[in-house]
Protein chains: 2
Amino acid sequence: MTDDPWVPPVVLLAVDLVILTLRESRLHVLLIERGIDPYKGNLALPGGFLRHAEEDITAAAHRELSEEADLDVETLRLEQLGVYGDPGRDPRGRVVSVAYLAIAPRLPEPTAGTDAADAGWQPTDRVLSGDLDLAFDHQRIIADGVERARTKLEHSALGTAFCRPTFTITDLQGVYEAVWGITLDPRNFYRKVQKTEGFIVPAGTSRKAATGRPARLFRAGPCTALYPPMVRPAEGPSAKE
Amino acid sequence: MTDDPWVPPVVLLAVDLVILTLRESRLHVLLIERGIDPYKGNLALPGGFLRHAEEDITAAAHRELSEEADLDVETLRLEQLGVYGDPGRDPRGRVVSVAYLAIAPRLPEPTAGTDAADAGWQPTDRVLSGDLDLAFDHQRIIADGVERARTKLEHSALGTAFCRPTFTITDLQGVYEAVWGITLDPRNFYRKVQKTEGFIVPAGTSRKAATGRPARLFRAGPCTALYPPMVRPAEGPSAKE
DNA sequence: CGAATAGTGTCTATTAGACACTATAAT
DNA sequence: ATTATAGTGTCTAATAGACACTATTCG
């Protein structure tokens, strides 16, 4: 045992972004193809190291959002998802990553950024089933992100973030159905959403229709927390006889 | 602009523990008095740097729990609360802290650990009101921890973690009332808790009574997630005319 | 008109919340 | 008996969930 004065170890700090959206009624996550080792060629979450020692972590997340995902920083709200710092999760050394969650409306394919060889939306169920091979512990991070989105739909107005600025109630129902993976009664959903004060507000004009009656348009309301919450039907444990 | 190969910056990684308990019907948080600079003499959350470069973050949190708080690691479950890494939050340099939340039953005063000059439980409302001067951004971390506990009480069986191994329904009600800062109807609470399957299970013997009818004892049930959830009455926004 | 989607009405079983009562102990 | 706390019963208003209907567009 030496008696050298102890100094704390240092780590590399990274951010990773779980950006979810809806395409063709399925939940998708934005992934890039890694252009460099380790895990070169594998799919991974957009993200990267802090740029410099004074960079704010949230600022770094926003920077990666525009650099790697080429998405508009202004329209997306990032929420901290958690820290992933297992020793050995990155062969380059001790890398601790702060994961952020963002919800995006349906967007055109993002163009590849600087250090992303390719970028694209992948269905979350393909990721979670292990069908796709992800770098690092990113499958785990995505699983946590999806689960977070599921519960946030219950208690926050996050659902509107999946929609474009104006949307129909049917659009919003599609969000809940895709994220929760269930079907909902349109009539009850209609009532419920309307009576949850501040959730959605009418956007004047009705519009849209390939066929059928045109739907009214709404915008996201002022509330961020829903009261009463949207209730997700019980699952698993209610194994009915 | 030089053309030196860019290398990512490094940071110091710390863990901080928000340990909540109930004493005399008030929510308390465990704080230590800092024995060294910076913020020497101020109150702070128990915590500290990673011991070595390969230490798991959760393991470090458990280690601090026993070292600094002298609490039994086995009985307390730690939950990640978030990352606090603003540049400038620590004058010693770039320190990023991972905060953990734990709930403890009423315990004897913990004995001071190694680098804690003094330790003790402080009411959370004194902390949140700014009545006590905390080191770093620990007031903010505690505020987040308390808020997390509030919402977890709704959807998880966390409330039982505030109680000793066996407890009465009145004990459990006291937890909800203290954390939520409201009063509840004992009769409705009784029914609600009983019918939430797996929340609490009878512990055989009835017992306890200074005066009045002895209460039945219960243990924490197998469920971690409550369904249906305990509903916290609406606050603020329902400003009744 | 029919097809398709939007939106409303109504009924019922369940539940939250209010409140009165009975039960079991100590003094 | 009195006091104090534990536990149960009951009523009512609100709500979730099921389901039938009307409304508005296009072709």
Side-chain angles (χ1 to χ4, degrees), chain A residues 25 153-155 159 163-164 166-177 180 182-197 199-219 226-235 237-238 240, chain B residues 25 153-155 159 163-164 166-177 180 182-197 199-219 226-235 237-238 240:
Chain A
S25 302
L153 276 196
E154 296 187 69
H155 306 284
C163 302
R164 294 205 189 70
T166 68
F167 51 87
T168 69
I169 290 186
T170 306
D171 291 339
L172 188 57
Q173 182 181 342
V175 170
Y176 277 85
E177 293 186 330
W180 284 353
I182 57 176
T183 61
L184 298 168
D185 186 301
R187 305 165 291 215
N188 293 335
F189 185 84
Y190 211 97
R191 270 194 296 121
K192 176 73 178 187
V193 161
Q194 294 263 44
K195 85 162 53 164
T196 301
E197 194 141 4
F199 189 8
I200 58 174
V201 295
T205 59
S206 297
R207 186 187 48 83
K208 176 203 184 184
T211 173
R213 173 176 174 174
R216 275 185 274 176
L217 291 176
F218 294 85
R219 299 182 183 283
L226 297 184
Y227 194 88
M230 305 290 291
V231 285
R232 173 164 49 150
E235 53 175 293
S238 79
K240 279 191 185 171
Chain B
S25 301
L153 237 44
E154 296 186 69
H155 306 284
C163 301
R164 293 205 189 71
T166 68
F167 52 87
T168 69
I169 291 186
T170 306
D171 291 339
L172 188 56
Q173 182 181 342
V175 170
Y176 278 84
E177 293 185 329
W180 285 352
I182 58 176
T183 62
L184 298 167
D185 185 300
R187 305 165 291 219
N188 294 335
F189 186 84
Y190 210 97
R191 268 194 296 120
K192 176 74 180 188
V193 163
Q194 295 263 46
K195 85 161 53 163
T196 302
E197 194 141 5
F199 190 8
I200 58 174
V201 295
T205 58
S206 299
R207 185 187 47 84
K208 177 205 184 183
T211 173
R213 172 175 176 176
R216 275 183 275 177
L217 291 176
F218 295 85
R219 298 184 184 283
L226 298 185
Y227 194 88
M230 306 289 292
V231 284
R232 174 162 50 150
E235 53 175 294
S238 79
K240 281 191 185 171

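Protein chains get the first letters and strands the later ones, always in sequence-line order, with residue 1 at the start of each. The structure displayed is predicted, hence computed values, not measured ones.
Considering only the side chain of Lys192(B), dA16(C) comes nearest among dG7(C), dG7(D), dA16(C). Between dA16(C), dT8(C), dC19(C), one nucleotide has an atom nearer to the side chain of Asp185(B) than all others, and that is dC19(C). Listed nucleotides: dG17(D), dC19(D), dG7(C). Nearest to the side chain of Val231(A): dG17(D).
Put simply, NZ on Lys195(B) is 18 Å from P on dG7(D), counting in whole angstrom units. At whole-Å resolution of the value, CZ in Arg213(A) and P in dA3(C) are 19 Å apart. When rounded to the nearest whole Å, the span between CD of Gln194(A) and P of dA16(D) equals 15 Å. As rounded to whole Å, 13 Å separates atom C1' of dA6(D) from atom CD1 of Ile200(B). Taking atom CD1 on Ile182(B) and atom C1' on dA16(C), their separation rounds to 13 Å, with Å as the unit. A straight line from CZ of Phe189(A) to C1' of dG9(C) spans 19 Å, rounded to a whole angstrom. For the pair Asn188(A) CG and dC21(D) P, the interatomic distance rounds to 17 Å; values are reported in whole Å. Rounded to a whole Å, the OH atom of Tyr190(A) is 17 Å from the P atom of dT10(C).
Arg219(B) pairs by the salt bridge (charged side-chain N to carboxylate O under 4.0 Å, His left out) definition with nothing, not counting sequence neighbours.
Dashed line: the shortest gap from a side-chain N or O of Arg216(A) to OP1 or OP2 of dT8(C) is under 4.0 Å. For Thr170(A), no side-chain nitrogen or oxygen approaches OP1 or OP2 of dT5(C) to under 4.0 Å.
Without hydrogens or angle criteria, Tyr190(B) side chain to Ile169(B) main chain gives no donor-acceptor distance under 3.5 Å.
Residue Glu197(A) qualifies as open at atom CD: its count of foreign heavy atoms under 6.0 Å is 12 or below.
Residue side chain Arg187(A) does not reach the base of dA18(D) through any donor-acceptor N/O pair under 3.5 Å, judged by distance alone. Contact of Arg191(A) with dG17(D) (side chain to base): a donor-acceptor pair of N or O atoms is detected under 3.5 Å.
Remark on DNA chain C: of its neighbouring residues Thr211(B) and Pro229(B), the 5'-side contact belongs to Pro229(B), judged by nearest-heavy-atom nucleotide.
Checking Thr168(B), Val193(B), Thr183(B), Leu184(B) one by one against Gln173(B), the side chain to side chain contact (heavy atoms under 4.5 Å, CB included) holds for a single residue, Leu184(B).
At a threshold of 4.5 Å between non-hydrogen side-chain atoms, the residues Met230(B) and Trp180(B) count as touching.
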